[in-house]
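Everything on this sheet refers to the single structure shown next.
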Amino acid sequence: MSDPLRLGIAGLGTVGVGVVRIIRQQAALLSARTGREITISAVSARSKGRDRGISLSGYAWEDDPVALATRDDVDVFVELMGGEDGPAKDATEAALKAGKHVVTANKAMLAIHGQTLAELAEAKGLTLRYEAAVAGGIPVIKTLFEGLAGNEIKRVMGVMNGSCNYILTRMENSGKTYQEIFAEADGLGYLEADPQLDVGGIDAAHKLAILSSIAFGTKVDFDGIQLEGIERVSIEDITAAADMGYKIKLLGVAQKTGRGLEQRMQPCLVPETSPLGQLDGGTNMVVIEGDAVGQIVLRGAGAGEGPTASAVMADVCDIARGWSGSVFGQPAASLETAQSAQSQAAAPYYLRMALVDKPGALAKIATVLGEAGVSIYRMRQYEHDAPSAPVLIVTHKTTHAALEAALENMHGTGVLAGEPVALRIEEV
């Protein structure tokens, strides 16, 4: 049997402890599957004295993750600290420069600095792996790298933030407002220390940027993502969408078009009968469409100790087996600079508005939509006691530009009793 593969683990939070547990509990299985013993040489974290529910006395301790990353008895630096810059980036760069392979769960660092790190790793002939950075325990990176290697990818989409999906699902099931369920999720510890990373769509957008690079052979382009979180999704929208046969999801979509790379992370409606529409709670789902395979659906736990540690170990095992390859699926030097493109593809839209309750109000809205070239597919007007009348409209396919023009012109009709809400309906 080959020499042991020796790890240095920086970051001993939930995921780091999960990795330690797997290595201890599954030592014989890991050795049988990789042909090598996998061991831990040293660890590092912010606090040495914290009770993590597991003994770390058998491992050397480094206060400085950079020192850990460059130890002579470390073959693979496992970065689980998080953060796009600071110690995580410094230690990762130090590890690569010192000739160490790297496994990371750090989506933010890869979304911002992925190209630079890929070039460094490939120049050194080293492996940089990151299955745990996207969708937790779902092997979506490996699927794109290996299972779909013979496909031209047409579209990647998915629900990639469990906290947002939990909030939207709970709103629907409980009838409570966004503010109420946000407070509940925060109290349960489901949100990041900075909740905007979750509800603002930033966390999910980091993941989408990574998937886009692999799928379409482009440099990671986080700044090119059209980004909108779930803060403005109301219980009224969730209820109305359900009444029309849809669910609202924070949906990431990436596709290569003739205009460039289109990347969107925004609330969308999806048919309630679709796989994405049936996704509840904190579960993640990624849908990939290839020219040969058609559409495949990957579903599973998007976070948590076990699922994310499982993904980390998948990468460690690949390194133990001698896997090598480009960081984003093809040599970093050959990745194209993405030409960012706003969505121009026609799609149906959901519109919710309150109209002044007077004769001809709805006719004026229909006229404005028609003049902009937006055709109405379905419409509902509800009974009401208030001075304004709630109206729902689902359009036929239309362009975003035509819809924006119609919404702008609605303000001149004098019949709006509030700001209209418009959400794209994604066909899946």
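Index from 1, following the sequence.
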Hey, which of M285, M160, K249 is the one that makes side-chain contact (heavy atoms from CB on, under 4.5 Å) with N165?
K249
Side chain of T239, backbone of I235: donor and acceptor closer than 3.5 Å?
yes
Under 3.5 Å donor-acceptor, S44 side chain and A10 backbone:
no
Main-chain N/O of I141 paired with E131 side-chain donor or acceptor, under 3.5 Å
yes
Main-chain N/O of V421 paired to D237 side chain as donor or acceptor, under 3.5 Å
no
Just by distance, do the side chain of D51 and the backbone of G53 share a donor-acceptor pair under 3.5 Å?
yes
Taking R380 for the side chain and D243 for the main chain, is one N or O donor matched with an acceptor at less than 3.5 Å?
yes
Checking N151 side chain against V293 main chain: does a donor-acceptor pair fall under 3.5 Å?
yes
ring-ring contact (aromatic ring centres under 6.0 Å, His included) partners of residues 40-75, not counting sequence neighbours, each pair once:
none
Judged by modelled atom types alone, do T116 and E119 share a side-chain donor-acceptor pair under 3.5 Å?
no
Modelled atom types, side-chain donor and acceptor of E231 and Q196, under 3.5 Å:
yes
Applying salt bridge (charged side-chain N to carboxylate O under 4.0 Å, His left out) to R129 and D318, what does each step give before you reach the verdict?
CA-CA 9 Å; R129 298 283 277 170; D318 273 350; 2.6 Å; yes
Could you tell me whether a side-chain N or O of K176 sits under 3.5 Å from a main-chain N or O of M171, the two making a donor and an acceptor?
no
Go through the side-chain N and O atoms of Q330 and S334 and say whether any donor and acceptor fall under 3.5 Å apart.
yes
Mind checking whether Y190 and Y166 have parallel, tilted or perpendicular rings, split at 30° and 60°?
perpendicular
Think R378 forms a cation-pi with Y350, using NZ or CZ under 6.0 Å from the six-ring centre and within 45 degrees of its axis?
no
Check each of V76, L96, L128, L5 against H101 using the side-chain contact (heavy atoms from CB on, under 4.5 Å) test, and report the only one that passes.
V76
